[in-house]
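Report on the structure given below.
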Amino acid sequence: MSSFMKAMLIVLCALWILLELAHAKHVRTTRHYKFNIKMQNVTRLCQTKSIVTVNGQFPGPRIIAREGDRVVIKVVNHVKYNISIHWHGIRQIRSGWADGPAYITQCPILPGQSYVYNFTIIGQRGTLWWHAHISWLRATLHGSIVILPKRHVPYPFPHPFKEVPIVLGEWWKADTEAVINQAIKTGLAPNTSDAHTINGLPGPLNNCSAKDTFKLKVQPGKTYLLRIINAALNDEMFFSIANHTLHVVEADAVYVKPFRTNIVLITPGQTTNVLLKTKSITPNAKFIIASRPYATGPASFDNTTAIGFLEYKKHSHSNTKPNNNNLKLFKPALPKFNDTVFAMNFNKKFRSLANSRFPAKLPKTVDRHFFFTVGLGISQCSKNQACQGPNNTRVAAAINNVSFVMPNTALLQAHFFNKSKGVFTTDFPSNPPFKFNYTGTPPKNIMVTSGTKVVVLPYNTKVELVLQDTSIIGAESHPLHLHGFNFFIVGQGNGNFDPKKDPSKFNLVDPPERNTAGVPSGGWVALRFLADNPGVWFMHCHLEVHTSWGLKMAWVVQDGKGRNQKLPPPPSDLPKC
Ligand SMILES: *[C@@H]1O[C@H](CO)[C@@H](O)[C@H](O)[C@H]1NC(C)=O
Ligand SMILES: *[C@@H]1O[C@H](CO)[C@@H](O)[C@H](O)[C@H]1NC(C)=O
Ligand SMILES: *[C@@H]1O[C@H](CO)[C@@H](O)[C@H](O)[C@H]1NC(C)=O
Ligand SMILES: *[C@@H]1O[C@H](CO)[C@@H](O)[C@H](O)[C@H]1NC(C)=O
Ligand SMILES: *[C@@H]1O[C@H](CO)[C@@H](O)[C@H](O)[C@H]1NC(C)=O
Ligand SMILES: *[C@@H]1O[C@H](CO)[C@@H](O)[C@H](O)[C@H]1NC(C)=O
Ligand SMILES: *[C@@H]1O[C@H](CO)[C@@H](O)[C@H](O)[C@H]1NC(C)=O
Ligand SMILES: *[C@@H]1O[C@H](CO)[C@@H](O)[C@H](O)[C@H]1NC(C)=O
Ligand SMILES: *[C@@H]1O[C@H](CO)[C@@H](O)[C@H](O)[C@H]1NC(C)=O
Ligand SMILES: *[C@@H]1O[C@H](CO)[C@@H](O)[C@H](O)[C@H]1NC(C)=O
Ligand SMILES: *[C@@H]1O[C@H](CO)[C@@H](O)[C@H](O)[C@H]1NC(C)=O
Ligand SMILES: *[C@@H]1O[C@H](CO)[C@@H](O)[C@H](O)[C@H]1NC(C)=O
Ligand SMILES: [Cu+2]
């Protein structure tokens with residue numbers, strides 16, 4: 001071999017090694033999980049109950065990944081119920097088959113069957129969560145998703161000493177499937193939960209529950225990152241820690257401009273990361289962590305308070321004997337259960353970072369405007385149903401007066417295989433059927449219509465959506481959740497949205513980016529999003545009772561022309577109806 005050839009070989013080898021290294025840097029980590037859906041006996045409030053769990057855990061297992069990772073979860077259904085799991089807030093870019101809402105993106109996983117959810121986390125970091133997305137099974141089937149930034153990428157806030165998920169939920173003495181089935185049969189409001197919980201524990205204010213109390217043991221002078229998730233079925237929650245200020249840094253897996261607050265308000269579906277800085281000296285004290293509902297609607301609600309303790313650890317070399325009698329207990333002050341002024345002010349504190357590293361990529365112009373009323377109403381029951389509402393009616397909930405009817409097969413399959421005929425229609429109204437004083441005296445006729453209707457959007461449509469609460473039956477805050485996208489909250493206000501005056505006040509600079517937003521009780525919220533994700537995307541109230549009553553609809557986003565703008569075919573194990 002000539003020396004020239006040798007030199008060439010060495011150069012080629014070096015190049016190859018460099019290429020390999022460069023490639024290795026981009027090799028994606030895959031995180032594998034197995035979710036065995038199984039029954040488990042769990043005891044709370046002196047009651048042992050067999051509940052549906054993932055791997056026997058309540059709340060369920062935590063998923064940890066980094067931005068950019070692929071996550072592969074094999075869900076095996078060992079229970080008698082149909083199951084589907086939703087990865088709440090994961091954008092599912094071109095992976096709609098893994099989104100999870102039953103009869104929207106997939107048919108349920110039948111008893112004895114399994115399905116592999118396979119998706120990549122693109123451009124997101126923070127806290128999200130997973131939950132069952134069928135009937136009311138998410139009452140016990142839920143857990144946190146922790147998305148760390150890419151390796152070697154720091155948080156845009158001080159690195160915490162420890163990170164702690166705080167999952168807010170409920171304990172139901174009754175079987176939640178029996179609760180919703182009874183409500184559907186009678187047409188009346190379902191029963192409420194029996195206790196609120198913090199990480200599955202109701203705490204000492206409930207009977208027989210003192211030992212089931214969440215304890216956050218902390219050291220003095222440290223910073224803790226609390227990843228707060230509201231997994232409750234039907235209640236928005238206030239959350240506070242006595243004598244401690246919380247520093248909000250992220251919401252729905254998007255960093256926000258940090259702000260301080262003593263009280264966090266969080267709707268079902270939302271996640272909020274807060275920094276908790278502990279006091280610098282060991283104050284030999286414990287502080288109450290409290291959570292109870294923000295409730296605005298006409299129906300009764302679970303008015304119990306979940307309590308946990310923030311406990312300062314003592315130095316092990318301390319000579320003073322622990323003396324519980326000396327422990328001082330401080331309670332946080334929470335707003336009134338219906339403090340809508342607090343809710344509006346709190347929600348207005350959220351702002352995007354909107355800097356060069358984390359720009360607010362909201363549509364600055366709009367292709368399609370939508371105005372949706374959200375609220376309650378009634379609908380006629382069939383003659384043989386014997387509903388208990390007046391004249392054989394039942395309570396319903398609707399968007400633009402359409403109460404959504406669940407199809408018998410999944411919308412995404414019907415759309416992808418061009419078999420939508422008889423499954424859904426594309427005439428979901430862009431505006432309510434007629435104008436009225438939405439937040440004033442309701443019209444005499446409070447009947448709703450029903451149907452499986454969708455809005456079709458061409459790829460990359462820039463959407464502006466105003467959600468207007470109605471006072472039909474009663475004004476109420478509705479936490480609307482959009483699958484497949486984050487939206488930007490460009491405006492919100494009380495009363496009726498004014499299309500002439502309100503848009504000029506929209507925040508197009510640093511609006512918060514979220515996947516769930518509370519439509520203010522007796523008010524409106526304006527959202528913008530770019531429809532850059534082909535598929536069928538559910539949008540619904542995250543109060544499960546309202547979803548069951550029909551407060552839901554779907555967006556069909558068509559494929560784009562480019563190769564990377566099309567939804568790939570479904571995986572071979574996609575469940576069938
Ligand atoms: C739950 O407890 C009941 C009654 O003690 C028992 O029959 C059942 O096998 C238990 N189930 C599980 C999953 O452990
Ligand atoms: C997940 O999806 C990717 C991309 O479609 C595919 O290459 C991979 O084989 C899938 N993994 C599993 C375990 O199904
Ligand atoms: C709902 O509450 C009522 C009244 O307390 C009770 O009679 C009924 O059994 C409850 N329903 C379920 C499904 O637990
Ligand atoms: C606790 O139990 C007592 C006696 O059974 C009852 O009177 C009380 O209302 C219960 N309290 C709560 C918070 O459930
Ligand atoms: C906690 O706050 C209460 C008033 O809300 C105050 O009286 C008490 O001194 C505070 N305790 C500590 C340890 O900060
Ligand atoms: C809820 O509970 C609080 C404290 O126990 C009480 O002050 C309030 O009146 C209750 N509200 C309702 C609507 O029951
Ligand atoms: C809150 O509830 C109380 C009754 O508990 C009622 O008097 C008051 O008007 C309500 N406030 C709002 C803003 O609805
Ligand atoms: C029920 O129907 C009757 C007869 O049509 C009507 O007079 C009555 O007003 C209705 N009641 C309600 C609450 O709609
Ligand atoms: C559905 O129809 C579109 C447009 O007519 C076509 O491009 C596509 O291949 C069809 N898909 C299937 C699965 O038949
Ligand atoms: C709508 O109703 C509210 C409450 O009754 C009232 O304050 C408001 O003036 C009404 N708005 C219009 C445009 O009539
Ligand atoms: C809703 O639709 C029903 C049935 O078509 C109609 O009677 C009612 O007036 C509509 N209500 C509103 C608020 O649009
Ligand atoms: C489970 O799902 C299948 C397929 O959609 C359906 O036929 C069946 O009725 C469902 N079972 C129950 C108990 O809902
Ligand atoms: Cu609602």
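Read the numbers this way: they start at 1 and go in the same order the structure lists the ligands and their atoms. Side chains included, hydrogens not; waters and symmetry mates left out as well; all remaining heavy atoms used.
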Exercise for review: Please test H88 against H133 for ring pair (Phe, Tyr, Trp, His ring centres under 6.0 Å), starting from the C-alpha separation and ending with a verdict.
Suggested key: CA-CA 10 Å; H88 183 113; H133 213 307; 8.3 Å; no
Exercise for review: Report yes or no: does H32 have a heavy atom closer than 4.0 Å to ligand 2?
Suggested key: no
Check your understanding: Looking at atom 4 (C) of ligand 2, what's its closest protein heavy atom, distance included?
Key -> R70 NH2, 3.6 Å
Check your understanding: Which of the numbered atoms in ligand 11 are below 4.0 angstrom from a heavy atom of F436?
Key -> 13 (C)
Review point. Has K361 got more than 12 heavy atoms of other residues, nucleotides or ligands less than 6.0 Å from its NZ?
Key: no
**Study point:** Protein heavy atom under 4.0 Å of atom 9 (O) of ligand 2
**Key:** no
Review point. Looking only at protein heavy atoms, which one is nearest to atom 2 (O) of ligand 11, and how far off is it?
Key: N401 ND2, 2.3 Å
Point to revise | Aromatic plane relationship, F417 with W97 - under 30° parallel, 30 to 60° tilted, over 60° perpendicular | key: tilted
Practice item. Can you sort out which atoms of ligand 11 are near M447, meaning under 4.0 Å from one of its heavy atoms? Key: 1 (C), 2 (O), 3 (C), 8 (C), 10 (C), 11 (N)
Review point. Relative to the heavy atoms of F416, which atoms of ligand 9 are at a distance of less than 4.0 Å?
Key: 11 (N), 12 (C), 13 (C)
Review point. Taking only heavy atoms of P433, which atoms of ligand 11 are found under 4.0 Å from at least one of them?
Key: 14 (O)
Point to revise | N-O pairing of D502 and K505 below 4.0 Å | key: yes
Check your understanding: Going by the angle between their ring planes, with limits at 30° and 60°, are H540 and F538 parallel, tilted or perpendicular?
Key -> tilted
Check your understanding: Of the protein's non-hydrogen atoms, which lies at the shortest distance from atom 1 (C) of ligand 9, and what is that distance?
Key -> N418 ND2, 1.5 Å
Point to revise | Which residue and heavy atom of the protein sit nearest atom 13 (C) of ligand 2, plus the separation | key: V72 CG1, 3.8 Å
Review point. Taking NZ, NE, NH1 and NH2 as the nitrogens, is one of them in R151 or D69 under 4.0 Å from a carboxylate oxygen of the other?
Key: no
Check your understanding: What protein heavy atom is closest to atom 5 (O) of ligand 11, reported as residue, atom name and distance in Å?
Key -> T449 CG2, 3.2 Å
Check your understanding: Considering T470, V402, N445, which one's heavy-atom position lies nearest to atom 7 (O) of ligand 11?
Key -> N445
Review point. Got a salt bridge between R227 and E163, using NZ or NE/NH1/NH2 to carboxylate O under 4.0 Å?
Key: yes
Exercise for review: Just say parallel, tilted or perpendicular for the rings of Y115 and Y117, cut-offs at 30° and 60°.
Suggested key: perpendicular
Point to revise | Non-hydrogen atom of P432 closer than 4.0 Å to ligand 11 | key: no
**Study point:** Verdict with reasoning, F428 to W555, per ring pair (Phe, Tyr, Trp, His ring centres under 6.0 Å)
**Key:** CA-CA 9 Å; F428 190 90; W555 305 86; 7.8 Å; no
Exercise for review: Return a yes/no value for N118: is any of its N or O atoms, backbone included, closer than 3.5 angstrom to an N or O of ligand 2?
Suggested key: yes
